[in-house]
Every structure is written in structure tokens, then in C-alpha cells.
Amino acid sequence: MTRYFLGITGASGHPYAESLLKALVACGHDVDIAITEAAAKVMRHELGIDPGDHGEKLAAHLPTWLGEGPAKRVRVFTSGAVEAPPSSGTSLTGGVILCPCSMGTMARVSVGFSSNLVERAADVALKEGKKLLIVPRETPLSIVHLENMLRLARLGAIVLPAMPGFYHRPKTREDLVHHVVGKILDRLGVENSVGARWKGLAEPPGDEGIGRPAPEVPE
Ligand SMILES: Cc1cc2nc3c(=O)[nH]c(=O)nc-3n(C[C@H](O)[C@H](O)[C@H](O)COP(=O)(O)O)c2cc1C
């Protein structure tokens with residue numbers, strides 16, 4: 001069992017964060033969460049829940065997402081809780097994940113500017129040589145965004161954009177979300193079967209995920 005820190009920002013893509021949280025807990029891990037103030041607004045809009053302006057009401061939603069027991073494995077901190085354990089290099093973490101990561105948070109992390117707990121936890125991961133996985137969501141990307149990604153990659157962060165593939169023939173929104181979440185878990189080293197795995201073009205077609213039968217082409 002490992003403890004991860006999930007920082008959720010004001011980028012679009014909160015279903016990725018919800019799915020990642022569920023997967024980490026389902027895989028037996030503990031999770032610390034903090035959201036930014038902008039994330040609170042986007043979460044209200046995209047997930048239809050009110051986490052409070054600083055994340056203070058988020059914990060109340062977790063039993064519905066995860067179940068009563070598993071929800072106890074998650075610690076929620078408010079955006080300004082810079083005194084919380086993830087703010088210190090002494091806290092043990094298997095990795096810090098910013099998902100989804102806004103261009104604003106990415107820029108601040110790339111220059112070591114920590115204005116809230118999400119940014120501080122990422123800064124700590126960089127200084128302590130711990131895993132920092134950033135899931136940016138924006139399009140198109142400006143040169144500023146690209147340079148910030150490059151700087152972070154050079155600093156040792158894993159930059160894993162929220163870019164689901166289509167070779168597994170997704171049918172639902174979950175198929176798309178799981179494709180990205182599976183890749184995040186793989187890069188964290190968390191054993192999982194969340195995303196469909198490619199088995200080659202010759203693999204016999206199945207009903208689910210990769211290997212689905214090709215759509216019939218009218219003659
Ligand atoms: C509905 C909504 C969707 C947004 N989507 C994105 C996005 O995909 N990427 C991004 O960089 N910013 C996005 N933004 C803007 C950020 O929320 C904004 O830049 C904010 O200041 C980021 O703050 P944070 O980095 O502290 O979370 C979005 C804002 C809203 C309201």
C-alpha cells in the first residue's frame with residue numbers, strides 16, 4: 001500500500017481525476033487530495049458536485065464515489081492548507097499527480113512558484129526527487145505551454161497529456177477516460193487493468209476494448 005497525492009486544478013477533465021481516485025483506492029492505495037480554487041468551479045460544472053470553494057466539502061462526497069470504507073483511505077486538504085503533510089519533504093509519497101493540470105498550475109510548478117497546496121506538493125516532489133506526474137489539458141498549445149512542459153520534463157516530471165487514443169475503439173466516455181487513467185497508473189507503477197491493452201492487429205476480435213470487431217462496411 002502506497003500513499004499518493006492527487007492535485008486537481010481548474011483545467012477541464014475532472015472525470016479523469018474522479019476515475020483515477022477510484023482506481024488508486026480500488027488498487028489498495030491511500031490518497032491525499034487537494035483542489036485549487038479554480039478546480040472547485042470546474043468540478044461543480046463537470047462533475048455536478050459542490051466541493052466548497054477551497055475543497056472543504058469534497059470529503060463529504062467521497063463515500064458516494066468510493067463507498068464508506070474505502071473513502072476512509074482518502075485525506076482531503078483545502079487548497080490553502082500549506083501546513084498539511086504533503087507540503088513537507090518529510091512526508092512519504094509514492095508520487096504526486098496533477099490531474100487534470102491547468103496551464104496556470106503547470107507554469108507555476110515549472111518555475112517553483114507555490115501559491116497553494118497543489119503547487120507546493122508538486123514542488124516538493126521535484127525537490128525530493130519523487131515521482132511527479134502532470135496531466136495537462138489544453139488545446140491548442142502556445143509556445144509558453146510547450147516550453148513549460150519541456151522544462152518540467154527536463155526536471156524529471158512525467159508529462160502525460162489527457163489525450164485518449166482511439167485504437168481501442170472506445171464506445172463510451174468511460175472507455176476514453178480509462179485509456180488515460182490506465183496510462184497514468186502504468187507510469188506510477190500501479191498494477192492495473194483499467195485501460196484496454198493493445199494486443200496487435202492480428203488479435204481475434206472481442207466484445208470489449210482493444211480487439212473489438214471492426215464496424216461492418218456496407219458492400
Ligand atoms: C469550465 C472551465 C474549463 C477550463 N478548462 C481549462 C483547461 O482545459 N485548461 C486550462 O489550462 N485552463 C482551463 N480553464 C481555466 C483555468 O481554470 C484558469 O486558468 C485557472 O486560473 C487555473 O487555476 P489553477 O491552475 O489554480 O487551477 C478552465 C476554466 C473553466 C471555468
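By convention here, the first residue in the shown sequence is residue 1. For ligands, and for the atoms within them, numbers begin at 1 and follow the listed sequence.
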(request) Report yes if Gly10 has an N/O atom closer than 3.5 Å to an N/O atom of ligand 1; otherwise report no. (result) yes

(message) Quick test: of every protein heavy atom, which one is nearest to atom 30 (C) of ligand 1, and how far off is it to 0.1 Å?
(response) Val42 CG2, 3.7 Å

(request) State, to 0.1 Å, how close Trp65 and Leu58 come at their nearest heavy-atom pair, and which atoms those are. (result) CH2-CD1, 4.5 Å

(request) Give yes or no for whether the N/O distance cutoff of 3.5 Å, strictly under, is met between Ser12 and ligand 1. (result) yes

(request) Compare every heavy atom of Asp175 with every heavy atom of His168, then report the nearest pair and how far apart it is. (result) NE2-O, 3.1 Å

(message) Which of the numbered atoms in ligand 1 are under 4.0 angstrom from any heavy atom belonging to Arg137?
(response) 7 (C), 8 (O), 9 (N), 10 (C), 11 (O)

(message) Using only atom types and a distance under 3.5 Å, with no angle test, would you say the side chain of His178 pairs donor to acceptor with the backbone of Ala196?
(response) no

(request) Please could you name the atoms of ligand 1 that Ala38 approaches to less than 4.0 Å, counting only its heavy atoms? (result) 17 (O), 20 (C), 22 (C), 23 (O), 27 (O)

(message) Among residues at least two apart in sequence or on other chains, which ones pass side-chain contact (heavy atoms from CB on, under 4.5 Å) with Ala17?
(response) Ile8, Pro100

(request) Give a yes or no on whether a salt bridge exists between Asp123 and Arg120, defined as a side-chain N under 4.0 angstrom from a carboxylate O. (result) yes

(message) Going by a strict under-4.0 Å cutoff (protein heavy atoms only), does atom 19 (O) of ligand 1 have a neighbour on the protein?
(response) no

(message) Count I, L, V, M, F, W, Y as connected when their side-chain heavy atoms are under 4.5 Å apart, and connections chain through other members. Are Val31 and Ile184 then in the same cluster?
(response) yes

(message) With nothing but distance in play, are any N or O atoms of Met103 less than 3.5 Å from an N or O of ligand 1?
(response) yes

(request) Name all pairs fulfilling the salt bridge (charged side-chain N to carboxylate O under 4.0 Å, His left out) condition that reach into residues 10-22, sequence neighbours left out, sorted by first residue then second. (result) Glu18-Lys22

(request) Would you kindly specify which portion of Thr9 sits under 4.0 Å from ligand 1, judged on non-hydrogen atoms: side chain, backbone, both or neither? (result) both

(message) Taking only non-hydrogen atoms of Lys41, do any sit less than 4.0 angstrom from ligand 1?
(response) no

(request) Run down the list Ala162, Ser102, Ala40 and name the one with the heavy atom closest to atom 22 (C) of ligand 1. (result) Ser102

(request) Specify side chain, backbone, both or neither for Thr105, according to which of its non-hydrogen atoms lie closer than 4.0 Å to ligand 1. (result) both

(request) Might you check, step by step, whether the distance between atom 2 (C) of ligand 1 and some protein heavy atom is under 4.0 Å? (result) yes

(request) Run the contact test for Arg108 against ligand 1 with a 4.0 Å cut-off on heavy atoms, strictly below, and give the result. (result) yes

(request) Provide the number and element of each atom of ligand 1 under 4.0 Å from a heavy atom of Thr36. (result) 24 (P), 26 (O), 27 (O)

(request) Please check if the side chain of Ser91 supplies one atom and the backbone of Ser88 the other of a donor-acceptor pair under 3.5 Å. (result) yes

(request) Kindly say whether His14 contributes a backbone atom to a donor-acceptor pair with the side chain of Glu46 at under 3.5 angstrom? (result) yes

